[in-house]
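A, B, ... follow the sequence lines: proteins, then strands. Residue 1 opens every chain.
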Amino acid sequence: MAELGRGFAPQEPEPEIRSQEVTADVVDRLLTTGSVFRVWAIVLAVLFLAGIGSFVARLLTTGLGDRAGFGYLAATFAFLLATVQAAPILSMGLRLTKANWQRPLARGSELFAVPAILCPLLYIPLLISLPPIQGRHTLWTVWPGWVLPVFDTIIVVATAVFGVAFLYLAAIPDFAAARDHIAGRRRGRFALLARGWRGTTGQWTALRFTLILLGAFYAMLYAGLQLLISYDFAMTLVPGWLSSIFPAFQITTAFEAAVAVDVLALYIWRRWGGLGRYIRPDVFSGTGGILFCLALLSLYMWWSAFITQWYGRTPREQNLLFFQEFGVYFVPWVIFFLLVIVIPIAVLLWRPVRHSILGPTFVSLGITVGVFFDRIRAYVGAFTITDVTAQELQQLPPARLPDALDILMVLGSLAGAVLLYMLGAKLVPPLSIWEIKEGLLLRLHRPFLRGEYSVLGKPRSVI
Amino acid sequence: MQERYDLSAQRINRDLLSFVRSTPWWFLLLFLLLGGGVAAMLAATGHMVYLGLVVTGLDRPVYWGFLITNFVYWVGMSQAGVMMSSILRLTQAEWRRPITRMAEVLTVVLLLTASYFPLIHTGRPWRTLYWILPYDFPRNIWPNIRSPLIWDPAAIFTYLFASSMIVLLSLIPDMAAARTRTTGWQRHFFAVLSFGFRGTPRQWRVHSLATVLMAAMIIPVFVTVHSIVAWDFGVQLVPGYHSTVLAPYFVIAAMNSGVAAIITFMVFFRFWLRLDRYITADHFDAIGRLQIAVAVTWLFFYFLDFFGGMVSQEAREVAVWQLRLTVWPYPFMLAVMFLTSFFIPVPLLLIRRVRRNAAAILWIALLINVGMWIERLTVVVPPLAYKQPFTFVWGWYVPTWVEIIITLGSVAFAGFGMLVLAKIVPIVPLFDAKEGQVLKAEIDVGKREVPAIIKSH
C-alpha cells in the first residue's frame with residue numbers, strides 16, 4: 001500500500017517530456033514482443049480454446065433447446081457489453097469536456113473496441129436459444145416474429161463495427177506517426193493504415209469533426225443496444241418482470257464497469273507497460289471522481305426501482321424482489337451491491353484514496369467483479385425460467401450454480417477478450433500520440449514566487 | 001472560453017452593481033406588468049379559496065390537474081438552478097462564472113412558486129397548519145413518515161433552506177463589495193449580509209471551502225427532491241404512474257426545463273442589464289450543448305417509460321397510453337410536446353451559429369419551457385382520466401379560467417421574483433467575475449494564441 005500514500009498528484013514530480021520522445025516511446029512498444037507477453041498470450045489462447053471446446057460440449061450434450069445451460073454465457077455476453085463495448089464512449093465523452101488529464105485514457109478505452117468483436121460471436125447461440133415471442137411479454141408486441149432477431153442482430157453487429165471504426169479513425173494520425181518513425185518492412189503496415197495522412201489543417205478539422213459525430217452516434221447506438229438486450233435477453237423472459245428503469249440501470253452500471261476496466265488497463269500499462277511517464281496520477285484521480293459519481297448514480301437507479309416495487313407490494317413485485325435480490329440470487333446481489341455501490345462510495349469519498357493510484361485501481365477491480373455478478377443475477381436468472389408465457393412468476397426456480405462447462409465457457413470468453421485487447425495493442429498505439437503531444441503544447445508551467453502554476457490551453461471546439 | 005474581454009475590478013464593480021444602485025425606467029414597467037400578473041393570480045386564488053375547488057375543472061376521477069402540474073413543473077425547473085451551479089462549481093467549469101448566481105436565485109424563486117400550489121390545492125390552505133401541528137399525540141396519532149406526502153414537504157423545505165444558504169454564502173463577498181459602494185439603508189443592508197467579510201486570506205479560504213462543501217452536499221438534495229415528487233406518483237398502483245423509471249425520468253425532465261429556464265433568464269438579464277461583456281456567445285454555446293445532452297437523455301427516458309408500459313401488455317397500462325396517443329386533445333398535446341421539447345430545439349441547437357445567437361437560443365428555450373409544461377400535464381392527467389373499472393361517474397378534465405389565470409400568474413410570479421431579487425443583489429457574482437479575469441491567460445501555439453486558464457499546481 002506504499003503507493004497509496006505516494007499517489008497524490010502534486011507529490012510526484014512531473015517528468016519533462018519532449019514532443020519527439022512520445023512517438024519513439026509509444027511506437028517502439030509496437031515493434032517488440034517480450035517473453036511475458038508471449039506467455040500470457042499462450043495461456044489466454046489456451047483458455048479461449050478451452051472455452052470454445054466447452055461450448056461445443058454443451059451444444060452436444062444439451063443442445064440450444066436447454067436455455068438454462070447458456071445462462072452463464074448470456075451473463076458473460078452482457079458483462080462484455082457492459083465493459084469492453086461501453087468503454088469507447090468514455091473516450092468520446094471525456095474528449096468533449098476538453099479535460100487535459102484524460103489524454104492518456106482516450107486510446108486505452110478505444111482499444112476495448114477490439115475485444116468487443118467477441119460480442120456478436122457470443123450473441124449468435126444466445127439468439128438461437130431464445131423462445132418465440134408469441135404468447136409472451138415482449139417489446140415487439142405488434143411486430144412479426146422475425147423482427148426481434150433482425151433488429152437485435154443489426155444493432156449488436158453495428159455497435160461492434162462502429163466501435164472498431166471509431167478506434168481506427170482516432171488512430172489514423174498515430175499510424176502516420178508510426179509510418180514516419182519506422183523504417184524497413186514494418187513501415188508498410190502503418191503506411192497502409194495511415195491512408196495518406198499528412199496532417200493538413202483540413203485533415204485535422206475533418207478528423208475532429210468526424211470523431212465527435214461518430215462518438216455521439218456510437219453512444220446513441222450503445223443506448224439502443226442495451227435497451228434491446230435488456231428487454232429481449234432478460235426482462236421479457238421473466239414473467240411479471242416489468243421494470244422500465246432496467247435498461248437505464250444496465251447502462252449506468254455498464255458505464256461504471258467501463259471506467260473500471262479502463263482504470264485497470266491504465267494501471268497495467270503504467271506498472272508493467274513502461275508508460276508511467278505518460279499515465280500520471282491525475283488520470284487516476286480524475287477517474288476516481290467519475291467512478292464515485294457513477295456509483296452514486298447506480299445506487300440511485302437501483303433505489304428508484306426498489307422503492308417503487310417495495311411500495312407497490314403486489315405479489316408480482318414481491319416475487320420478483322425475492323427472486324432477484326433477497327432470496328434466490330441473494331449472494332450475487334450482495335456481491336454486486338457491495339462491490340459496485342457501497343464500497344466505491346464509502347472508499348472514494350475519502351479524498352486521499354480518490355487521489356491515489358491504488359485506491360481507484362482496487363475499487364475498479366471490485367466494480368468489474370461486482371458488475372459480473374449483477375449480470376449473473378439478471379441473465380442467469382432469466383435463462384432458468386422455463387414457462388416464459390406465464391403472467392407472473394409463480395414457481396421460483398432455484399439458483400443455477402455453474403458447472404464445469406459453464407466455468408470454462410466464462411473463462412474462455414473473458415480470456416478471449418483479454419487476448420484480443422493485447423493483440424490490438426500490438427497493432428494500434430496504446431497511447432494516443434497526437435493527443436499526448438497536443439497536451440504538451442497546451443500545458444505550460446510558469447514560475448510564481450517560490451512555486452509554479454499551470455496554464456491550460458482550451459482551444460475552440462470544431463462543432 | 002474564446003470570447004474574452006479585459007475588465008478591470010473597478011469596471012466589474014460598476015457594471016454589476018449599477019442595477020442595484022439605480023432604478024431604470026424599464027424596471028418600473030416590468031415591475032408593474034409582472035406585479036399585475038401576480039395580483040391576478042392572487043385574486044383568482046382568493047376566488048377559488050372562497051368558493052372552493054368547485055371553480056376548477058377537477059372532477060371525478062381527475063383530481064390532479066393544472067395545479068399539481070404546475071407544482072411538478074416549477075419544482076423540477078427550480079432543481080436545475082442549483083444543480084447547474086453546484087456541478088459547474090465542482091467541475092471548475094470556467095463558463096459557470098456569470099451563471100451561478102442567477103441559477104441559485106432562480107432555484108429559490110421557483111421553489112417558492114412551486115410550494116404555492118400544493119398549499120392552494122388543499123382547498124382550505126389555512127387547515128394545512130393542522131397537518132403539521134398540533135398532532136393528536138394523546139390518541140397515538142402520529143405523522144405517517146412512510147407517506148410520500150410527508151416526504152414532500154420535508155424534502156422541499158430542506159431544499160429551500162439549503163438553496164437559500166448557498167445563495168447567502170455566495171453573496172457574502174459581493175455584499176462586502178456593495179457595502180463600501182452604497183449609502184443609507186442599502187449600506188446597512190449589505191453590511192448585515194456581508195457578515196463582517198473583509199477579504200482576508202483566511203476568510204477567502206473558508207468561503208471557498210464552504211462553497212465547495214455546500215455545492216457537493218446540495219446535489220443529493222436536489223436529486224432527492226424531484227425523485228420524491230416522482231414517488232408521490234410512482235409508489236401508487238395507478239397505471240401510468242406506477243413505473244420504476246419515473247424518478248430519474250422526472251429528474252431528467254426537470255433538468256431539460258430548468259436549463260431552458262436558465263437560458264431564458266440569461267438572455268433577459270444580458271439584454272436589460274447590458275451584461276454583454278459578462279454573458280457572451282461562448283456561454284450560450286456551452287449551455288446550448290448542455291441542453292442538447294439533456295434533451296436527448298430526456299427523450300431516451302421518455303421512451304423507456306413508454307416501452308415499460310407497452311411491454312407489460314396489462315390492459316390498464318395500455319389503456320393509459322391509448323388515451324395519451326389516441327384521444328383528443330392528448331395526441332395533439334404530445335405532438336406539440338415532442339416538437340417543442342425535442343424535434344425543433346435539438347436540430348437547431350446542433351448548429352453552432354444558432355447556439356451562439358442570444359435571440360435564437362431564447363426562442364428555443366421558450367419553446368422547451370412550453371413543451372415541458374405540456375409534458376408534465378400529459379404525465380399527470382391521463383393516468384387519472386382513463387376509463388377505469390368501478391368508476392361510475394366519469395368526468396373529463398377541462399381547466400377553467402381560474403386555473404388558467406393562476407398558471408399564467410405563476411409565470412409572472414417567477415419573473416417578478418427574479419426581477420426583484422436582481423434589484424436587491426447583483427445577479428452576476430462580482431468576485432467570480434474578478435477571479436475569472438485573474439485566471440485567464442493565453443498560450444502561444446505556433447503562430448496562434450490559444451485561450452487558456454490558470455490552474456493551481
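Only the side chain of A:Met301 comes within less than 4.5 Å of a heavy atom of chain B; its backbone N, CA, C and O stay farther away. At a 4.5 Å heavy-atom cutoff, A:Phe249 makes no contact with chain B through either its backbone or its side chain. Looking at B:Phe303, there are no atoms closer than 4.5 Å to chain A (heavy atoms on both sides), in backbone or side chain. Contacts between A:Glu438 and chain B at a heavy-atom distance below 4.5 Å are absent for every atom of the residue. Contacts of B:Glu314 with chain A are made by side-chain atoms alone, with heavy-atom separations under 4.5 Å and no backbone atom involved. Interface remark: B:Phe307 contributes backbone and side-chain atoms alike to the contact with chain A (heavy atom separation under 4.5 Å). Contacts of A:Arg136 with chain B are made by backbone atoms alone, with heavy-atom separations under 4.5 Å and no side-chain atom involved. Of the two parts of A:Leu297, neither the backbone nor the side chain holds a non-hydrogen atom closer than 4.5 Å to a non-hydrogen atom of chain B. The contact between A:Leu227 and chain B is made entirely by side chain atoms (from C-beta outward), counting heavy-atom distances below 4.5 Å. Contacts between B:Val445 and chain A at a heavy-atom distance below 4.5 Å involve the side chain alone, from C-beta outward. Contact of B:Leu237 with chain A is made through the side chain alone, with heavy-atom distances under 4.5 Å.
The shortest non-hydrogen separation linking B:Pro248 to A:Tyr300 is N-OH, 3.4 Å. For the pair B:Ile443 and A:Val455, the tightest heavy-atom approach, listed with the atom from each and the gap, is CD1-O, 3.6 Å.
A:Phe151 CZ: 12 or fewer foreign heavy atoms inside a 6.0 Å radius. Within a 6.0 Å radius of CH2 in A:Trp143, other residues, nucleotides and ligands contribute 12 heavy atoms or fewer.
Between atom CD1 of residue B:Ile219 and atom SG of residue A:Cys293 there is a gap of 7.5 Å, rounded to the nearest 0.5 Å. To the nearest 0.5 angstrom, B:Thr297 atom OG1 is 10.0 Å from A:Ile251 atom CD1. Atom NE2 of B:His242 sits about 5.5 Å away from atom OG1 of A:Thr314, to the nearest 0.5 Å. Note that CH2 of A:Trp303 is 10.5 Å distant from OG1 of B:Thr224, once rounded to the nearest 0.5 Å.
Interface check for chain B: of the options A:Ala223, A:Gly289, A:Gly240, A:Gly224, the most heavy-atom pairs under 4.5 Å are formed by A:Ala223. Ranked by heavy-atom pairs under 4.5 Å with chain A, the list B:Thr244, B:Ile351, B:Val311 is led by B:Thr244.
Side-chain polar atoms of A:Ser244 and B:Tyr249 form no donor-acceptor pair below 3.5 angstrom.
A donor-acceptor pair is defined here as one N or O able to donate and one able to accept, closer than 3.5 Å; no such pair exists between the side chain of A:Thr308 and the backbone of B:Gly234.
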